[in-house]
**Student:** 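Sending over a structure as structure tokens; questions will come in a sec.
Counting convention: from 1, in listed order, for ligands and their atoms alike.
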Amino acid sequence: MINNNILFPVKVPYSTAPDIVKLKDDFTLTPISDRIRANKLKEIDEFSSDLFNEIQSDNLLDCLNVINAKYNLPDSTTILDLAMNVEEDIAILKSGKVIAICFCSPSGFIPAQIVGKSFHEIHQPVPDSDLLLKMSDKLTSMMSDSSRGSYRRYVWTITSNPSMSQHPSLKNKIIPESIDDLYFRSESQTTIPIGDNVHMLFAVKVEMNPLSSIWEDCEKRNLLINSIDSMSDAMLDYKNLKLIKSILNNSK
Ligand code: HEM
């Protein structure tokens with residue numbers, strides 16, 4: 001059955017250009033549901049300290065206090081505490097450098113390893129990202145600037161791993177053979193200035209849907225195939241989409 005409520009940010013050609021859009025409405029963190037809390041606890045049980053890390057400082061405590069007050073959340077003194085109160089995966093950046101992160105549903109990277117790294121360093125493994133890397137300083141100062149407000153971008157991929165977490169250790173555990181073995185994964189990523197023009201919050205919501213629920217929709221199916229066909233070899237490797245590209249093209 002076609003599901004029209006799926007977040008489907010697929011564009012042709014595929015691009016890593018900084019396609020951020022200014023949010024018109026105020027952003028708010030979502031108080032955590034039982035389902036997401038159970039999922040976050042399960043991931044932390046499995047991957048423990050890979051998923052969260054922080055550089056402790058008064059700056060971080062000040063940021064957590066501002067965030068708790070702004071979104072009416074219970075007190076928290078660590079990024080893990082805060083993450084367990086909200087549905088989103090979250091990170092805090094200072095002058096473009098990650099000072100705290102708790103991502104229970106990361107795309108293919110280990111969250112704890114990016115603490116202390118700059119926006120530019122984090123994005124170095126991304127192929128075809130010259131423009132993104134060149135604009136790193138401009139983007140991070142823009143996204144921390146309170147007078148500018150929040151920005152949003154969307155990310156998508158296709159994977160054979162049905163869990164929201166795409167932790168690298170799960171890569172290629174299931175070798176897909178058909179559309180029925182695949183999932184459409186999308187992320188809604190929001191940046192929110194914390195108020196001092198230096199710190200920003202990065203909040204990510206992940207959605208997973210069986211690819212079969214999209215495949216029946218001809219327009220979406222064509223967009224997906226055309227977007228994947230437009231990716232460079234390096235991008236297909238990076239996103240682990242080479243085999244998936246052939247499955248999609250053979251299932252047209
Ligand atoms: C202007 C906002 C941003 C843009 C345009 C951007 C762009 C991208 C792109 C194109 C990719 C690779 C493919 C994809 O998943 O789309 C990526 C991956 C990634 N981004 Fe961003 N990003 C932004 C903000 C951030 C922020 C604030 C963080 C901070 C935590 C971040 C952390 C990452 C990480 C960890 C990866 C995976 C890198 C790896 O494979 O090792 N991004 N980003």
**Student:** Taking atom types as modelled and ignoring hydrogens, do the side chains of Asp128 and Thr16 form a donor-acceptor contact shorter than 3.5 angstrom?
**Tutor:**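 Side-chain D/A pair, Asp128 to Thr16: absent.
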**Student:** Between Gln189 and ligand 1, does any nitrogen or oxygen pair lie at a separation below 3.5 Å?
**Tutor:**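 N/O-N/O distance below 3.5 Å does not exist for this pair.
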**Student:** Are Phe184 and Phe8 close enough that their ring centres sit under 6.0 Å apart?
**Tutor:**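 Between Phe8 and Phe184, which both carry aromatic rings, the centre distance is below 6.0 Å.
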**Student:** Give the residue, atom name and distance (to 0.1 Å) of the protein heavy atom nearest atom 28 (C) of ligand 1.
**Tutor:**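 The protein heavy atom lying closest is Phe202 CE2, 3.5 Å.
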**Student:** Identify the residue among Lys171, Gln166, Arg185 that makes a side-chain hydrogen bond (donor to acceptor under 3.5 Å, both in side chains) with Thr159.
**Tutor:**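 Option passing the side-chain hydrogen bond (donor to acceptor under 3.5 Å, both in side chains) with Thr159: Gln166.
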**Student:** Listing request: all salt bridge (Lys or Arg N to Asp or Glu O under 4.0 Å) pairs with a residue in residues 46-63, at least two apart in sequence or in separate chains.
**Tutor:**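 Residue pairs passing salt bridge (Lys or Arg N to Asp or Glu O under 4.0 Å), neighbours aside: none found.
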**Student:** Between ligand 1 and His123, is the shortest N or O to N or O distance under 3.5 Å?
**Tutor:**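 The answer is yes, given that His123 and ligand 1 share an N or O pair closer than 3.5 Å.
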**Student:** Any idea which part of Phe103 is under 4.0 Å from ligand 1, heavy-atom wise: side chain, backbone, both or neither?
**Tutor:**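 It is neither part, as no heavy atom is under 4.0 Å.
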**Student:** To check you understand the geometry: which heavy-atom pair defines the closest contact between Ala112 and Phe52, and what is its length?
**Tutor:**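 Taking every non-hydrogen atom into account, CB-O, 3.8 Å.
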**Student:** Side-chain donor-acceptor pair under 3.5 Å between Lys94 and Asn59, yes or no?
**Tutor:**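 On atom types as modelled, these side chains qualify, holding a pair under 3.5 Å.
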**Student:** Taking only heavy atoms of Pro18, which atoms of ligand 1 are found under 4.0 Å from at least one of them?
**Tutor:**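 Checking each atom against Pro18, I get 5 (C).
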**Student:** Within ligand 1, which atoms have a heavy atom of Met143 less than 4.0 Å away?
**Tutor:**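 With Met143 as reference, the close atoms of ligand 1 come out as 1 (C), 2 (C).
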**Student:** Is there a heavy atom of Ser107 sitting under 4.0 angstrom from any atom of ligand 1?
**Tutor:**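 No, Ser107 has no heavy atom closer than 4.0 Å to ligand 1.
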**Student:** Between Thr191 and ligand 1, find which residue part has any heavy-atom pair under 4.0 Å and reply side chain, backbone, both or neither.
**Tutor:**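 The answer is neither.
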**Student:** I need the nearest protein heavy-atom contact for atom 13 (C) of ligand 1: residue, atom name and distance, please.
**Tutor:**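 Looking only at protein heavy atoms, the one closest to atom 13 (C) of ligand 1 is Tyr14 OH, 3.8 Å.
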**Student:** Indicate the atoms forming the closest heavy-atom contact of Ser129 with His123, along with that distance.
**Tutor:**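 Answer, listing the atom of Ser129 first, then His123: OG-O, 3.7 Å.
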**Student:** Around atom 41 (O) of ligand 1, find the nearest protein heavy atom and jot down its residue, atom name and distance.
**Tutor:**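 Of the protein heavy atoms, Pro125 CG, 3.6 Å lies nearest.
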**Student:** Distance to 0.1 Å, residue and atom name: give those for the protein heavy atom nearest to atom 15 (O) of ligand 1.
**Tutor:**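 Here the closest protein heavy atom is Val155 CG1, 3.3 Å.
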**Student:** Under 4.0 Å from a heavy atom of Ile122: which atoms of ligand 1 are those, numbered in the order shown and with their elements?
**Tutor:**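 Listed by number with element, the hits are 32 (C), 33 (C), 34 (C), 35 (C), 38 (C).
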**Student:** What residue and atom, counting heavy atoms only, is the protein's closest point to atom 11 (C) of ligand 1, and at what distance?
**Tutor:**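 Here the closest protein heavy atom is Val126 CG2, 3.8 Å.
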**Student:** Decide side chain to side chain donor-acceptor pair (under 3.5 Å) for Asn85 and Ser76; before the verdict, give the C-alpha distance in whole Å, the side-chain angles of both, and the deciding distance to 0.1 Å.
**Tutor:** CA-CA 9 Å; Asn85 289 329; Ser76 53; 4.9 Å; no
**Student:** Show me which atoms of ligand 1 lie under 4.0 Å from any heavy atom of Met200.
**Tutor:**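 Selected atoms, number and element: 27 (C).
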**Student:** Would you say the side-chain atoms of Asp229 and Asn249 include a donor-acceptor pair closer than 3.5 Å?
**Tutor:**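 Yes, because at least one side-chain N or O of Asp229 sits under 3.5 Å from a partner of the opposite role on Asn249.
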**Student:** Students should be able to answer this: which protein heavy-atom is nearest to atom 24 (C) of ligand 1, and at what distance?
**Tutor:**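 For atom 24 (C) of ligand 1, the nearest protein heavy atom is Phe119 CE1, 3.4 Å.
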**Student:** For Leu131 and Ala17, which heavy atoms make the closest approach, and how far apart are they?
**Tutor:**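 Scanning both residues, the minimum pair turns out to be CD2-CB, 4.2 Å.
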**Student:** What atoms of ligand 1 come closer than 4.0 angstrom to any heavy atom of Leu132?
**Tutor:**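 Answer for ligand 1: 4 (C), 5 (C), 7 (C), 8 (C).
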**Student:** Examine the proximity of ligand 1 to Ile20 and report which part, side chain or backbone, both or neither, has a heavy atom under 4.0 Å away.
**Tutor:**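 It is the side chain that touches ligand 1; the backbone stays farther off.
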**Student:** What is the nearest protein non-hydrogen atom to atom 9 (C) of ligand 1, stated with its residue, atom name and distance?
**Tutor:**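 Going atom by atom, the protein heavy atom closest to atom 9 (C) of ligand 1 ends up being Arg153 NH2, 3.7 Å.
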**Student:** Give me the atom names and distance for the closest heavy-atom approach of Pro210 to Tyr183.
**Tutor:**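 That would be CA-CD2, 3.8 Å.
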**Student:** Knowing that exactly one of Glu88, Arg152, Arg153 qualifies, which makes a side-chain hydrogen bond (donor to acceptor under 3.5 Å, both in side chains) with Gln189?
**Tutor:**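 Looking at Glu88, Arg152, Arg153, the match for Gln189 under the side-chain hydrogen bond (donor to acceptor under 3.5 Å, both in side chains) is Arg153.
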**Student:** Using a plain distance cutoff, I'd like to know if Tyr238 has any nitrogen or oxygen under 3.5 Å from a nitrogen or oxygen of ligand 1.
**Tutor:**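 In this structure, Tyr238 places an N or O atom under 3.5 Å from an N or O of ligand 1.
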